[in-house]
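What follows is a single structure, written as structure tokens, with notes after it.
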Number of protein chains: 2
Amino acid sequence: MRNDSRLSRMLHVLIHMDRHQDAATSEMIAKMLNTNPVVVRRTMAGLREEGYVRSEKGHGGGWRLARPLSEITLLDVYNALGEPHLFAIGPADDQPQCLVEQAVNAVLADAMKKAEALLLRRLGGVTLEKIAAEFEAKMTARSAAAYSCAS
Amino acid sequence: MRNDSRLSRMLHVLIHMDRHQDAATSEMIAKMLNTNPVVVRRTMAGLREEGYVRSEKGHGGGWRLARPLSEITLLDVYNALGEPHLFAIGPADDQPQCLVEQAVNAVLADAMKKAEALLLRRLGGVTLEKIAAEFEAKMTARSAAAYSCAS
DNA sequence: GTAATTTGTAACAAGACAAGTGACATGAGT
DNA sequence: ACTCATGTCACTTGTCTTGTTACAAATTAC
């Protein structure tokens, strides 16, 4: 559990959801991700609130895409997850009195801000459809559906 | 304790160490950082091994800079700390079988790698002397040494 | 209308990791 | 010898994602 893997997991799931029509239950998705149905619901809740997926209770229920992959960027998913902390490092004190510490924090914050901006800009520039297309390319190259997990 | 603040703390300490000649004990430094002497020794150990500071036991002992600030970049300090994890996010699985997951991870890893490269390049381009100079500028502007913590 | 299925949610344990803390050995100066 | 200071081990604490159990609520099937 070293990293926050929610973004990675949700991207993975959304693309799979696009590849079969019918609703996917939390249990199916959990098996795909090697995790627990409750974790799935918890994490997907953010995506539902932002309108990227829908969920239905009862028989035949489960999760469905609510938008085409072409209209969802990686940044959208990141935002829907509540914009989790990107960095593992940070200042020791957010409001230091010491001017030296302020100067140190300013330099670090600036560098991190620039790096974060670059990362988010990249996430915003890639749609899920693009990743799906890359996958399709690999698939036809190998012509072997078995490589895709649980699909 | 939300973030790993070792880099921020060490930069702060090194600049202060340059401002007074005599050795600084772990206890003095700990007070400055609002922490514990053991934490200070633990964290400074990496800097000592890389030759940026020296430590001496016994009376009059403590920590001293072993190099001028102009020869230490923020990246040097980061590396000396053992290159802690920069990002809080990451893939769910490092060696996934699923091609979809592989495609997702590849895109994320690429974006993160670029952001990391940018960040490290920036850290490598700034010496501690430069931060100290920024501090001096502020100081003369305010002409009030009291703003600096414990110095 | 009762049973089966599936989400929604709360509550809590596990795991990881930096940070905090206490204890004690080691070395250096007075 | 005594004091000061580092070096290091062992353990606890705080925080955050995950994992898990339990149960209510909604929806479909028989």
Side-chain angles (χ1 to χ4, degrees), chain A residues 1-10 12-13 17 22-49 52-64 66 78 81-94, chain B residues 1-10 12-13 17 22-49 53-64 66 78 80-94:
Chain A
M1 193 212 309
R2 224 178 57 217
N3 290 318
D4 180 346
S5 57
R6 284 177 292 177
L7 177 58
S8 161
R9 280 177 159 175
M10 288 302 98
H12 182 187
V13 166
M17 285 173 69
D22 28 337
T25 66
S26 300
E27 192 162 345
M28 290 165 55
I29 296 174
K31 256 174 200 140
M32 188 169 90
L33 298 179
N34 280 314
T35 180
N36 191 291
V38 177
V39 174
V40 172
R41 291 186 200 116
R42 191 191 287 159
T43 313
M44 305 267 290
L47 302 187
R48 184 186 51 226
E49 280 159 23
Y52 299 117
V53 297
R54 268 191 296 268
S55 62
E56 289 158 15
K57 294 182 176 178
H59 268 287
W63 300 85
R64 287 175 201 275
Y78 171 74
L81 288 173
E83 307 177 13
H85 280 102
L86 285 179
F87 290 102
I89 65 172
D93 184 349
D94 279 313
Chain B
M1 193 214 309
R2 226 178 56 218
N3 289 318
D4 179 348
S5 58
R6 284 176 292 176
L7 177 58
S8 161
R9 279 176 159 177
M10 288 303 98
H12 182 188
V13 167
M17 285 173 67
D22 28 337
T25 67
S26 301
E27 191 161 346
M28 290 165 55
I29 296 174
K31 256 174 199 138
M32 190 170 87
L33 298 179
N34 280 313
T35 180
N36 191 293
V38 177
V39 174
V40 172
R41 291 186 198 113
R42 193 190 285 160
T43 312
M44 304 267 291
L47 302 185
R48 183 186 53 227
E49 279 159 24
V53 297
R54 268 190 295 268
S55 61
E56 288 160 14
K57 294 181 174 178
H59 269 287
W63 299 85
R64 286 175 201 275
Y78 170 75
L81 288 173
E83 306 176 14
H85 279 100
L86 284 179
F87 290 103
I89 66 173
D93 185 348
D94 279 313

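So you know, we letter chains A, B, ... as the sequences are listed, proteins then strands, and number each from 1.
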I want to confirm an ordering. Mapping A/Arg9 and A/Lys57 to their closest nucleotides on DNA chain D, which one lands closer to the 5' end?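 Here A/Arg9 is the residue nearer the 5' end.
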Search all heavy atoms of B/Met44 against all heavy atoms of B/Val13 and return the closest pair with its distance.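 Looks like SD-CG1, 4.1 Å.
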Heavy-atom pair of closest approach, residues B/Gly61 and B/Thr25: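 Scanning both residues, the minimum pair turns out to be O-CG2, 3.9 Å.
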Nearest-angstrom distance from the residue atom [atom1] of [X] to [atom2] of [N]:
| X | N | atom1 | atom2 | result |
| --- | --- | --- | --- | --- |
| A/His59 | D/dA29 | NE2 | P | 7 Å |
| B/Arg64 | D/dT6 | CZ | P | 11 Å |
| A/Asn36 | D/dA22 | CG | C1' | 12 Å |
| B/Ile89 | D/dT18 | CD1 | C1' | 17 Å |
| A/Glu56 | D/dT28 | CD | C1' | 11 Å |
| B/Ile29 | D/dA5 | CD1 | P | 12 Å |
| A/Asn34 | D/dG19 | CG | C1' | 13 Å |

For DNA chain C, which nucleotides open and close the run of contacts to chain B, 5' to 3', at under 4.0 angstrom from a non-hydrogen atom?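 The contacted stretch runs from C/dA18 to C/dG29.
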Working note: B/Thr43 + B/Arg9, criterion side-chain contact (heavy atoms from CB on, under 4.5 Å); need CA distance, chi angles, decisive distance, verdict. CA-CA 9 Å; B/Thr43 312; B/Arg9 279 176 159 177; 6.0 Å; no
For [N], does either OP1 or OP2 sit under 4.0 Å from a side-chain N or O belonging to [X]?
| X | N | value |
| --- | --- | --- |
| B/Ser26 | D/dT6 | yes |
| B/Arg41 | D/dG7 | no |
| B/Ser55 | D/dG7 | yes |
| B/Arg48 | D/dG7 | yes |

Backbone N or O of B/Ser8 within a donor-acceptor pair of the B/Ser5 side chain at under 3.5 Å?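 Not confirmed, B/Ser5 side chain does not pair with B/Ser8 backbone.
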Mind checking [X] for me? I need base, sugar-phosphate or nothing, with any heavy atom below 4.0 Å counting as a touch.
| X | value |
| --- | --- |
| A/Arg42 | base |
| B/Asp4 | sugar-phosphate |
| A/Glu27 | nothing |

Any chance you could measure B/Asp22, atom CG, to B/Met17, atom CE, to the nearest 0.5 Å?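 Going from the CG atom of B/Asp22 to the CE atom of B/Met17 covers 10.5 Å.
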Taking A/Ser26 as the fixed residue, which of A/Arg42, A/Lys31, A/Arg41 is the one that meets the side chain to side chain contact (heavy atoms under 4.5 Å, CB included) rule?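 The passing option is A/Arg41.
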For B/Asp4 and B/His85, what are the C-alpha separation, side-chain angles and deciding distance, and is it a side-chain contact (heavy atoms from CB on, under 4.5 Å)? CA-CA 9 Å; B/Asp4 179 348; B/His85 279 100; over 6 Å; no
